[in-house]
Undergrad: 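I have a structure here, written as structure tokens, and I will follow up with some questions on it.
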Number of protein chains: 2
Amino acid sequence: MLKLSKSVEYAIFAIKYLNYNTEDRLVSTKEISESMKIPYDLLAKIMQRLVKNDIVSSIQGTKGGYYLTKPPGQINLTQIISAVDSEIRLTDCLFDNATEEDCSRIGACSLRSPLNNLQNKIIKLFNSTTLEEII
Amino acid sequence: MLKLSKSVEYAIFAIKYLNYNTEDRLVSTKEISESMKIPYDLLAKIMQRLVKNDIVSSIQGTKGGYYLTKPPGQINLTQIISAVDSEIRLTDCLFDNATEEDCSRIGACSLRSPLNNLQNKIIKLFNSTTLEEII
DNA sequence: TTATATCGGACAAATTTAGTCGTATATAAT
DNA sequence: ATTATATACGACTAAATTTGTCCGATATAA
């Protein structure tokens with residue numbers, strides 16, 4: 001359970017490809033998919049999520065495609081994970097306003113606060129890890 | 001995918017219970033299970049893994065049960081995760097001697113090394129997080 | 001009008017996690 | 001010896017999540 005999802009891996013590959021190939025043109029999902037060997041339909045969805053989270057920008061229509069909204073040094077891992085998966089949560093209860101629906105122990109749980117500290121450290125680590133360091 | 005498994009959560013609860021209840025006696029899976037509201041059969045398997053990894057010790061037979069092998073300050077999160085889940089691996093390829101079976105990109109993958117650095121940081125963080133801080 | 005691209009949601013397959021069950025072994029008490 | 005209660009261990013099932021696919025809509029250049 002402590003693993004990057006395939007979607008996050010693919011997102012990183014895609015960002016890498018965009019970084020090296022969009023100086024003077026746009027790049028399509030098809031091109032990234034074939035070049036990086038990533039399933040087309042899955043990648044297409046990932047690209048949309050990256051667009052929604054303003055990590056990449058898109059131009060629609062023929063000759064359309066994607067480009068990076070900001071340089072890799074300004075994109076961090078937390079942003080990517082949040083964009084293509086969901087917010088980082090070490091347990092089901094570790095977010096604001098969690099209720100008994102999320103965990104029956106809530107309120108009486110002595111683990112919640114220390115695990116929240118741990119989660120914050122992980123998020124901090126991921127915040128400080130930029131794509132520039134990875135790609 | 002960046003979440004503690006239920007097994008790890010249950011293991012932490014169990015260690016906490018053992019820490020507070022085994023000064024002068026042994027504690028059974030049944031007692032922990034009922035007291036901490038953890039499914040008995042699942043907890044039983046978790047206890048066995050903790051024993052195998054020398055985090056807790058067991059005495060068999062009637063009047064048998066478990067106790068902590070070492071104090072919580074000497075147990076860290078990496079040990080627990082390795083014991084009840086498996087080694088921490090951020091991607092399928094991030095271990096020694098990974099082959100193309102594990103990832104077809106291996107050898108040519110530019111992400112492997114930087115992601116390995118990240119994985120080491122996470123492991124280091126988990127190594128430095130003892131159960132004393134959590135329970 | 002056509003070809004090619006993004007957009008978006010529903011769906012299916014595969015994998016992983018979570019939980020269950022049955023049986024064997026150990027040991028204290030009767 | 002037998003019984004009751006505990007751990008040990010593996011196989012199995014169920015549930016949840018991730019991964020991958022499909023289909024139709026919209027946008028735009030040629």
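Quick note: numbers below take in every heavy atom, side chains included, and nothing from hydrogens, waters or symmetry partners. For clarity, every value in this text was computed on a predicted model and none was experimentally measured. Just so it is clear: chains get the letters A, B, ... in the order the sequence lines come, proteins before strands, and each one is counted from 1.
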Undergrad: Regarding B/K3, tell me which of base, sugar-phosphate or nothing describes its non-hydrogen contacts under 4.0 Å with the strands shown.
TA: nothing
Undergrad: I need the OH-C1' distance between A/Y67 and C/dA5, as an integer number of Å.
TA: 15 Å
Undergrad: Which sits closer to the 5' end of DNA chain D, A/Y10 or B/Q48, going by the nucleotide each is nearest to?
TA: B/Q48
Undergrad: Output yes when a side-chain donor or acceptor of A/N21 lies under 3.5 Å from a complementary backbone atom of A/Y17, and no otherwise.
TA: yes
Undergrad: Given C/dG19, D/dT7, C/dC7, identify the nucleotide with an atom nearest to the side chain of A/V51.
TA: C/dC7
Undergrad: Figure out the OH/C1' separation between A/Y40 and C/dG8, and round it to whole Å.
TA: 13 Å
Undergrad: Expressed as a whole number of angstroms, how long is the span from B/L2:CG to D/dT17:P?
TA: 15 Å
Undergrad: Once you round it to whole Å, what is the distance between P of C/dT4 and CD of A/E31?
TA: 15 Å
Undergrad: Considering every strand and a 4.0 Å limit on heavy-atom distances, what is the contact class for B/Y66: base, sugar-phosphate, or nothing?
TA: sugar-phosphate
Undergrad: Salt bridge or not between B/K6 and A/D92? Use side-chain N to carboxylate O under 4.0 Å.
TA: yes
Undergrad: Taking the side chain as every heavy atom from C-beta outward, state whether A/I32 and A/F13 have any pair of such atoms under 4.5 Å apart.
TA: no
Undergrad: What pair of heavy atoms forms the shortest contact from A/L90 to A/L115, and how long is it?
TA: CD2-O, 4.1 Å
Undergrad: Compare every heavy atom of B/C103 with every heavy atom of B/C93, then report the nearest pair and how far apart it is.
TA: CB-CB, 4.1 Å
Undergrad: Where each residue is assigned the nucleotide of DNA chain C containing its nearest heavy atom, which of A/K52 and B/P39 is assigned the position nearer the 5′ end?
TA: A/K52
Undergrad: Any carboxylate oxygen within less than 4.0 angstrom of a Lys/Arg side-chain nitrogen, looking at B/R25 and B/E31?
TA: yes
Undergrad: Report the distance from atom CG of B/L50 to atom P of D/dT7, rounded to the nearest whole Å.
TA: 13 Å
Undergrad: Using whole Å, what does the distance between atom P of nucleotide C/dA18 and atom CG of B/L42 come to?
TA: 8 Å
Undergrad: For C/dT17, does OP1 or OP2 lie under 4.0 Å from any side-chain N or O of B/S7?
TA: no
Undergrad: Atom CD1 of B/I55 to atom C1' of D/dT7: distance rounded to whole Å?
TA: 17 Å
Undergrad: Report the distance from atom CG of B/D85 to atom P of C/dA18, rounded to the nearest whole Å.
TA: 7 Å
Undergrad: With a 3.5 Å distance limit and no angle check, can you tell me whether A/Q74 reaches the backbone of A/P71 through a side-chain donor-acceptor pair?
TA: no
Undergrad: Can you tabulate the close N/O pairs, meaning under 3.5 Å, that link protein atoms to atoms of nucleotides 21-27 of chain C?
TA:
{"unit_1": "C/dA26", "atom_1": "O4'", "unit_2": "B/Q60", "atom_2": "OE1", "d": "2.8"}
{"unit_1": "C/dT27", "atom_1": "O2", "unit_2": "B/T62", "atom_2": "N", "d": "3.3"}
{"unit_1": "C/dT27", "atom_1": "O2", "unit_2": "B/T62", "atom_2": "OG1", "d": "3.0"}

